[in-house]
Amino acid sequence: MQTVNTRISIATYDGHFFFNPEEIIRLEASSNYTNIYFTNKKKMLTAKVLKDYEEILEPLGFLRTHRSHLVNIKHVLFVDAKGKIFMQDQSRAEISRRKRSEVMRALRAA
């Protein structure tokens, strides 16, 4: 995976797909795989760990909220009192207790 201007390349079994980071709502770890959720309601499974995507996407407005969640700050709609993030596509991501204050600070600053 590499960054070219503001587009990113995601390698899958079928080939390389190119996306603008704004099209990605969130990423969720699933063992040694990562599910990527897009604004068009589609989902893509890739054979890379979430940490690989975190390194590339964090400078582009993404935030690691939990060991299994990386969210696009632009698509965050609401954070409830229990530490769940509600995204614009109605999906949810968790905030770990350890990262709660850091995540809330980053969301307020965005």
Side-chain angles (χ1 to χ4, degrees):
M1 185 173 68
Q2 65 183 22
T3 302
V4 179
N5 295 333
T6 58
R7 289 175 52 116
I8 61 168
S9 168
I10 299 172
T12 68
Y13 176 75
D14 295 325
H16 286 270
F17 292 88
F18 299 91
F19 299 99
N20 290 319
E22 300 85 39
E23 296 178 80
I24 300 171
I25 292 180
R26 67 186 181 93
L27 297 90
E28 184 175 6
S30 178
S31 188
N32 287 331
Y33 298 91
T34 299
N35 282 302
I36 303 173
Y37 296 86
F38 296 95
T39 54
N40 64 3
K41 307 271 188 203
K42 292 197 178 193
K43 175 173 100 169
M44 179 182 290
L45 181 66
T46 65
K48 286 193 180 281
V49 294
L50 193 59
K51 178 106 177 117
D52 293 342
Y53 292 108
E54 179 183 11
E55 292 169 2
I56 291 169
L57 293 172
E58 256 189 350
L60 302 174
F62 285 74
L63 180 64
R64 185 80 178 253
T65 63
H66 187 272
R67 64 182 167 83
S68 60
H69 295 283
L70 182 66
V71 300
N72 186 338
I73 292 174
K74 295 173 187 159
H75 293 287
V76 172
L77 195 58
F78 171 73
V79 178
D80 73 5
K82 296 178 183 177
K84 292 239 188 250
I85 296 178
F86 291 77
M87 305 302 290
Q88 288 179 346
D89 69 342
Q90 308 306 313
S91 65
R92 297 177 184 148
E94 295 178 46
I95 302 174
S96 68
R97 281 180 271 146
R98 187 175 59 84
K99 290 183 173 263
R100 179 140 184 146
S101 61
E102 172 191 339
V103 167
M104 293 308 293
R105 191 171 33 256
L107 289 173
R108 283 187 193 107

(message) Rounded to the nearest 0.5 Å, what separates atom CG in Leu57 from atom CG in Leu50?
(response) 9.0 Å
(request) Mark yes when over 12 heavy atoms from residues, nucleotides or ligands other than Tyr33 sit less than 6.0 Å from its OH; otherwise mark no. (result) no
(message) As an exercise, state the distance from OG1 of Thr34 to CZ of Arg26, rounded to the nearest 0.5 Å.
(response) 12.0 Å
(request) Decide whether Leu63 and Leu27 are clustered together by the hydrophobic rule: side chain heavy atoms of Ile, Leu, Val, Met, Phe, Trp, Tyr closer than 4.5 Å, transitively. (result) no
(request) Answer with yes or no whether the hydrophobic clustering places Ile25 together with Leu107; edges join I, L, V, M, F, W, Y residues whose side-chain heavy atoms lie under 4.5 Å apart. (result) yes
(message) Restricting to non-hydrogen atoms, name the atom on Arg64 and the atom on Arg67 that form the minimum distance, rounded to 0.1 Å.
(response) NH2-O, 2.6 Å
(message) How long is the straight-line distance from CZ of Arg100 back to CD of Glu94, given to the nearest 0.5 Å?
(response) 12.0 Å
(request) Using the rule that two of Ile, Leu, Val, Met, Phe, Trp, Tyr join whenever any of their side-chain heavy atoms come within less than 4.5 Å, decide whether Ile85 and Tyr37 are in one cluster. (result) no
(request) State, to 0.1 Å, how close Thr12 and Met44 come at their nearest heavy-atom pair, and which atoms those are. (result) CG2-SD, 3.7 Å
(request) Determine, step by step, whether Thr6 and Asn20 satisfy the side chain to side chain contact (heavy atoms under 4.5 Å, CB included) criterion, reporting the C-alpha distance in whole Å, the side-chain angles of both residues, the deciding distance to 0.1 Å, and the verdict. (result) CA-CA 6 Å; Thr6 58; Asn20 290 319; 4.3 Å; yes
(request) Following the transitive rule for hydrophobic clusters with a side-chain heavy-atom cut-off under 4.5 Å over Ile, Leu, Val, Met, Phe, Trp and Tyr, establish whether Ile36 and Met87 coincide in one cluster. (result) no
(message) Taking Phe62 as the starting point, is it possible to reach Ile8 by hopping between hydrophobic residues whose side chains are less than 4.5 Å apart?
(response) yes
(message) Testing the basics here: between Asp89 and Lys41, what is the closest heavy-atom pair and its distance to 0.1 Å?
(response) O-NZ, 3.9 Å
(request) Measure the CG-CD distance between Leu77 and Gln90 for me, rounded to the nearest 0.5 Å. (result) 7.0 Å
(request) Find the distance between CD (Glu23) and CZ (Arg7) and round it off to the nearest 0.5 Å. (result) 7.5 Å
(request) Could you check if a side-chain atom of Phe86 sits within less than 4.5 angstrom of a side-chain atom of Val79, using non-hydrogen atoms only? (result) no
(message) Can you give me the closest heavy-atom contact between Ala110 and Ile73, atom names plus distance?
(response) CB-CG2, 3.2 Å
(request) Might you work through the side chain to side chain contact (heavy atoms under 4.5 Å, CB included) test for Thr39 and Gln88, ending with a clear yes or no? (result) CA-CA 9 Å; Thr39 54; Gln88 288 179 346; over 6 Å; no
(request) Give, for atom CD of Glu58 and atom OH of Tyr53, the distance between the pair rounded to the nearest 0.5 Å. (result) 15.5 Å
(message) Could you report the tightest heavy-atom contact between Pro21 and Asn72, atom names first, then the distance?
(response) O-ND2, 3.2 Å
(request) Using a cut-off of 6.0 Å, state whether more than 12 heavy atoms not belonging to Asn40 lie near its atom CG. (result) yes
(request) Can you see which heavy atom on Ile95 is nearest to which on Lys99, and at what distance? (result) CG2-C, 4.2 Å
